[in-house]
Structure formats: structure tokens, C-alpha cells
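One structure below.
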2 protein chains.
Amino acid sequence: MSRTAGTDAAGTEVRTQADTHVRTDAPAPDPRRGRPRNAAADTAIIEAVLRMIEDGVSIGELSMERIAREAGVGKATVYRRWPGKSELLLDVMRSLDTDIPPPAGESVRDDLVDIIEFLRIRGLAKRNSALLRTIVTHVKAQPALWREYHETVVQARREVLLSVLRRGMACGEIRADRDIDLLADLFVGPVLSRALLHEWADLPEGLAEEIVDTVLYGVRPRA
Amino acid sequence: MSRTAGTDAAGTEVRTQADTHVRTDAPAPDPRRGRPRNAAADTAIIEAVLRMIEDGVSIGELSMERIAREAGVGKATVYRRWPGKSELLLDVMRSLDTDIPPPAGESVRDDLVDIIEFLRIRGLAKRNSALLRTIVTHVKAQPALWREYHETVVQARREVLLSVLRRGMACGEIRADRDIDLLADLFVGPVLSRALLHEWADLPEGLAEEIVDTVLYGVRPRA
DNA sequence: CCATTTCGATACGGGGCCGTTCCGTATCGG
DNA sequence: CCGATACGGAACGGCCCCGTATCGAAATGG
């Protein structure tokens with residue numbers, strides 16, 4: 001969890017988490033007065049959403065009202081933190097994100113395997129499997145949100161992959177006569193299409209290595 | 001359109017289309033009495049859904065009520081044909097399906113290109129692009145529906161691809177030491193991940209060839 | 001102690017949708 | 001012409017939701 005709630009160090013900051021939401025105006029008349037927000041409420045709400053989705057509740061069936069109920073929280077407490085369902089879901093999605101570890105940097109092939117393996121694990125992890133799919137599926141239906149998520153999270157990861165590929169091109173391990181974005185998709189696509197499309201299909205243990213090696217060496221018979 | 005409405009040849013059949021829906025009981029007291037259904041209504045309804053989705057209406061915002069309104073049709077007319085929104089959407093989805101042309105059967109490589117090119121075009125065609133994505137996105141959220149669609153449509157197409165791959169394995173054009181499902185994903189994944197995930201990214205003209213050839217020959221530099 | 005803010009709860013008016021039922025009319029088979 | 005069925009339209013009761021407001025209680029800083 002790269003994004004926890006208000007019990008931060010460096011006390012001087014804001015109220016709690018949901019301050020992706022600018023608050024441009026607001027005279028901000030000395031925060032840190034009155035009763036402080038309950039960090040437990042934040043997590044209770046997010047946790048409630050996660051739980052419900054895991055239990056197969058479709059996103060369409062999620063209402064702010066129901067979420068509050070399920071979280072054992074007043075409706076106002078939810079609206080105090082997020083302006084609407086979409087923003088809440090975006091944070092729920094973010095709460096699932098682990099930072100991708102930087103590539104080891106020795107073998108390009110091994111780095112690729114690590115990256116794909118990271119993807120595979122993400123698509124599998126108990127929580128993430130059903131969860132990510134459901135939420136992503138929904139957020140994707142809202143172009144603005146999806147775009148934000150894509151630029152925030154997806155692009156960052158892709159950049160890691162691209163840098164490895166560039167390194168490979170530079171040192172001759174990767175052919176340089178192809179569009180680098182295409183190459184990236186060749187590695188990533190197979191995992192994504194399995195995880196997002198086939199769903200029930202599982203992502204077996206050796207998948208990452210198999211993909212990387214097959215893509216590297218080609219589908220034609222070995223020489 | 002592989003699935004048109006009641007103006008079928010061979011007059012002896014059923015009422016109109018929406019008879020994916022069994023109707024086990026029902027004394028069925030001599031159909032073909034009374035005023036026949038209006039085929040125009042069927043298409044008007046489906047067309048209305050397509051139009052709305054193209055205009056960016058999210059699935060969650062689609063209600064039977066609104067669909068009927070938009071189609072210029074009584075709500076009852078809709079319910080007479082489909083028991084609910086999901087079933088309607090399933091038929092809408094089916095209305096978008098074109099049968100994949102059988103592979104030419106000369107070069108395995110060319111057949112692969114044809115199949116991937118078919119996918120690319122599907123993901124592009126004015127109608128399909130936004131449309132398929134939106135509907136698939138929604139239907140996928142309903143496991144039962146998605147499963148049905150997957151088994152009905154997706155599997156059939158995949159089978160075409162698999163048969164080409166098997167042929168390639170038999171005649172030595174495709175390496176036989178890999179899981180055939182993996183190989184299939186290597187070709188299909190890149191297109192799908194672009195079309196379904198990146199959305200805005202377009203699928204340029206030569207994409208199919210580029211993918212097939214790169215996957216065939218591998219990502220390592222040429223010998 | 002007081003102003004401030006949050007808490008859970010409850011209530012509000014307004015709205016949309018569900019799925020059904022009923023109109024009056026139209027169109028078929030017999 | 002009659003019975004049956006379809007049509008578009010309108011209305012139904014019931015449900016859930018939205019977003020806001022208000023409540024009394026709790027928790028904080030000044």
C-alpha cells in the first residue's frame with residue numbers, strides 16, 4: 001500500500017488522504033481544529049468496498065449509501081472524504097498498487113522476466129485478481145478516470161519496461177529495427193489478455209519466463 | 001450480422017429473435033395468430049442501444065426505460081422481447097459479430113496475418129471500436145453473460161487460430177515445444193491489450209504483419 | 001470552557017428505474 | 001367479423017439512490 005491515511009509523519013499536512021481533490025478555494029481557516037478525522041473510517045470504507053467487490057457485488061450495485069452502510073459509517077462521513085463514487089473507486093484502485101521494483105540491471109532477459117513476473121503476480125494475488133479486474137473494468141468505462149489512472153500508474157510501469165528495452169537495444173540484446181512500443185506490447189499483451197479477458201484462466205508459475213523466452217527467440221522452430 | 005430478426009426464411013419458426021430464452025413451459029397455443037411482431041421494432045431497439053453507446057452513454061446509464069424512449073418504442077415492447085437489460089445487451093453484442101473468414105490455407109504466416117488483421121479491423125471499425133469495448137466491458141462484469149459470449153464467439157475464433165497453429169506445428173513452421181495456448185496469446189495479446197486497454201491508441205495499418213513477423217522471428221536481433 | 005470539527009444516525013425532497021398493467025388502436029388468421 | 005396478439009403511450013406502486021441537512025455526542029485546540 002503506497003497510499004495510507006492521515007496518520008502520517010510530518011504532522012503539518014492536510015487532513016487525511018483524499019486530497020487528490022484539490023480544494024482550490026476554501027479560506028482554509030486553520031485546519032487542525034476541532035475533532036480530528038478518524039483514520040479508521042477511511043480504511044473501513046475502502047475495506048468495505050474491497051470486501052463487497054470480492055463478494056461479487058458488481059460496481060453498478062455499489063452505491064454510496066450501501067458502501068456507508070457496509071462500512072458501518074455515516075453517509076456524510078463518506079462524502080466528507082470523497083466527492084463521489086468514482087473518486088472513491090480511484091483511491092480504492094490505488095490502494096491496491098504496489099510499486100514495481102526497479103530492474104536488477106544485469107541481464108536484459110532477466111529484467112524482462114522480472115517485470116512480467118511482477119505483472120503475473122499482481123494478476124493473481126488473492127485480492128487483486130477479482131478485484132483489479134472489476135474495478136479496472138469500471139474505471140475504464142469512465143474515460144477521464146481511466147486516463148488519470150493510466151497516466152499515474154500504468155505509464156510509470158510501462159516506462160520501466162521501456163527503459164529495459166532501450167538498454168537491450170543499445171547493447172544489442174534487443175533488435176532495434178522495431179517500434180519499441182510494439183515490442184513492449186509483445187511482452188505485456190499476453191499476460192494482460194489472459195488476466196483481463198479469460199479471467200478464469202490462471203497464470204501458471206513459469207509463465208513469465210516462457211513468455212519472455214518465446215518472444216525473444218521467436219515462434220519459429222529453433223535453429 | 002449473423003443474427004437478424006423474425007423475417008426469416010423457413011417460416012415455421014418461433015416468434016422473432018430473442019429466443020435464446022428458452023420458454024420451457026407456456027402451452028404455446030398456436031403461435032402465428034394475432035398481429036405479428038414488428039421486425040422494425042427489434043432493429044430500432046438494438047440500433048438505439050448502439051447509437052447511445054456510440055454517443056458515450058455509459059452502460060450504467062442505460063435503462064430499459066431510456067432505451068425504449070430512445071427507440072421510440074413502448075417499454076412493454078422491449079420487455080416482450082428480452083427479459084432484461086443483460087439479455088438485450090448480449091444480443092446487441094452478437095449483432096456486431098462478423099464471422100471470421102476461414103484461413104486461406106497456403107502460408108501459415110499469411111494465415112496468421114489474416115487472423116490478426118481481422119482482429120485489428122474489428123477493433124477499429126467505426127462502430128465496433130467504442131462499442132465493443134463498452135459492451136464487452138459491461139458484459140464482462142456479469143460472469144454468466146461473459147462466459148456465454150466467450151464460449152459462443154471468442155472460442156470459435158480462437159479455434160480458427162489454434163488450427164492454423166497446429167498446422168504450422170505439423171509442417172514445421174511453428175515450434176512444437178511450446179504450449180499452443182501460449183503461442184496463441186502471443187499473437188492475440190498485443191492487439192487486444194492495445195484495443196482494450198489503451199483505447200485511444202490506434203491500430204495502424206501494418207500492425208498485423210509487424211506483430212506476426214516479430215513474434216515469429218523473435219525479438220532478438222536477426223542473425 | 002468554548003469554538004470547532006467529526007462522528008453515526010436519521011430524515012429530507014427529488015429523481016429514476018423496475019416490471020406490470022391498462023388503455024385505444026392496428027393488424028393478423030380464421 | 002372475431003379472437004388474438006402487437007403496437008405506442010401512460011400510469012402504477014415500490015424501491016433505491018442522490019446529495020444535503022440536522023441531530024446529539026465526542027474529541028480536539030486555544
Side-chain angles (χ1 to χ4, degrees), chain A residues 5-7 11-12 14-19 21 23 26-45 48-49 52 57-89, chain B residues 5-7 11-12 14-19 21 23 26-45 47-49 52 57-89 138:
Chain A
T7 328
T12 153
V14 292
R15 305 216 58 79
T16 58
Q17 59 168 124
D19 282 312
H21 318 301
R23 185 184 302 287
D30 184 10
R32 192 163 318 284
R33 301 253 315 173
R35 175 174 176 174
R37 289 215 180 148
N38 184 0
D42 291 65
T43 69
I45 293 170
V49 175
M52 295 169 77
V57 179
S58 114
I59 297 275
E61 294 160 351
L62 279 185
S63 60
M64 293 299 260
E65 207 138 348
R66 187 167 169 189
I67 291 171
R69 231 179 299 141
E70 189 80 9
V73 136
K75 227 200 314 183
T77 304
V78 181
Y79 277 106
R80 225 172 269 125
R81 289 165 165 73
W82 293 276
K85 184 165 74 171
S86 301
E87 291 83 356
L88 168 55
L89 285 181
Chain B
T7 327
T12 153
V14 292
R15 306 215 58 80
T16 57
Q17 60 168 128
D19 281 311
H21 321 298
R23 184 184 304 286
D30 184 9
R32 194 162 317 282
R33 299 255 310 173
R35 175 175 174 175
R37 289 212 180 150
N38 184 0
D42 291 66
T43 69
I45 293 170
E47 211 62 23
V49 175
M52 295 169 77
V57 179
S58 116
I59 297 275
E61 295 160 352
L62 279 185
S63 60
M64 295 297 261
E65 206 137 350
R66 188 168 169 187
I67 292 170
R69 230 179 300 141
E70 190 80 8
V73 137
K75 228 199 317 184
T77 304
V78 181
Y79 278 106
R80 225 172 269 126
R81 289 164 165 75
W82 294 276
K85 184 166 72 171
S86 301
E87 291 82 357
L88 168 55
L89 285 180
H138 176 254

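Sequence lines set the chain letters: A, B, ... in the order given, protein chains first and strands last, and positions in each chain run from 1. Model, not experiment: these values are computed from the prediction. The analysis underlying the following values was restricted to heavy atoms, covering all of them including side chains, and did not include hydrogens, waters or symmetry mates.
Atom-to-atom, CG of B/Asn38 to P of C/dT27 comes out at 10 Å; the value is rounded to the nearest Å. Computed from coordinates, the A/Arg33 CZ to D/dG30 P distance equals 7 Å when rounded to whole Å. In this structure, the CD1 atom of A/Ile67 is 15 Å from the P atom of C/dG8, given to the nearest Å.
Not a single donor-acceptor pair under 3.5 Å links the side chain of A/Arg37 to the backbone N or O of A/Arg81. Checked by atom type and distance alone, the side chain of A/Lys75 never pairs as donor or acceptor with a backbone atom of A/Ala68 at under 3.5 Å.
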In B/S/- notation, 5' to 3', how is nucleotides 13-25 of chain C contacted by protein heavy atoms closer than 4.0 Å? ----BBBBB----

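Closest heavy-atom contact between B/Met64 and B/Trp82: CE-O, 4.3 Å. Contact record, B/Ala44 with B/Ala71: O-CB, 3.7 Å, taken as the closest heavy-atom pair.
Residues A/Thr77 and A/Arg80 form a side-chain contact, since some pair of their non-hydrogen atoms from C-beta on lies under 4.5 Å apart. In this structure the side chain of B/Met52 never reaches within 4.5 angstrom of the side chain of B/Glu61, judged on heavy atoms.
Dashed line: the shortest gap from a side-chain N or O of B/Arg37 to OP1 or OP2 of D/dA6 is under 4.0 Å.
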